[in-house]
Amino acid sequence: MFEESLRVTGVTVTALLPGATDTNFHSNAGMDSIEIGSSKKNGKDLAAKQGYEALMNDEDHVVGGDEETKQQAQDNRTAPEPVKAANHAKRAGLHN
């Protein structure tokens, strides 16, 4: 993995997977009126805290946010790629 090749340099890499987070991203992207834009989002302070704690604990990745977000990530690990793509397309307003 990429982070393993950096270990000898003293650089630590942690991937933060926060799910939908309460920032201006969706609004700036013109997504306010679609499901993902208008849905409940994780707090940015919580996501940042979880990412920082994972980094300090030398974790290579962390799913941030609430338990629902963590469950969605777990479900995505076993879902076939076409199912994940269709679900995302629906939430992103690409399919009615």
Inter-residue atom distance Leu16.CG - Glu53.CD, 0.5 Å rounding:
11.5 Å
Reference residue Lys70; test side-chain contact (heavy atoms from CB on, under 4.5 Å); the match among Val63, Leu17, Asp75, Val62
Val63
Gap between atom CG of Leu55 and atom NE2 of His61 - 0.5 Å precision
14.0 Å
In terms of heavy-atom contacts, Ala54 and Thr14 come closest through CB-CG2, 3.9 Å
Point-to-point distance, once rounded to the nearest 0.5 Å, from CG of Asp45 to CG of Asp22
9.5 Å
Is the backbone of Thr23 close enough, under 3.5 Å, to the side chain of Thr21 for a donor and an acceptor to pair up by distance?
no
Checking side-chain polar atoms at under 3.5 Å, does Asp32 have a donor or acceptor matched by the opposite partner on Ser27?
yes
Under the criterion side-chain hydrogen bond (donor to acceptor under 3.5 Å, both in side chains), which of Gln72, Gln71, Lys40, Lys41 is the partner of Asp66?
Lys40
Heavy-atom closest pair, residues Val83 and Ala79:
CG1-CB, 4.5 Å
Is the number of heavy atoms from other residues, nucleotides or ligands under 6.0 Å of Lys84 NZ greater than 12?
yes
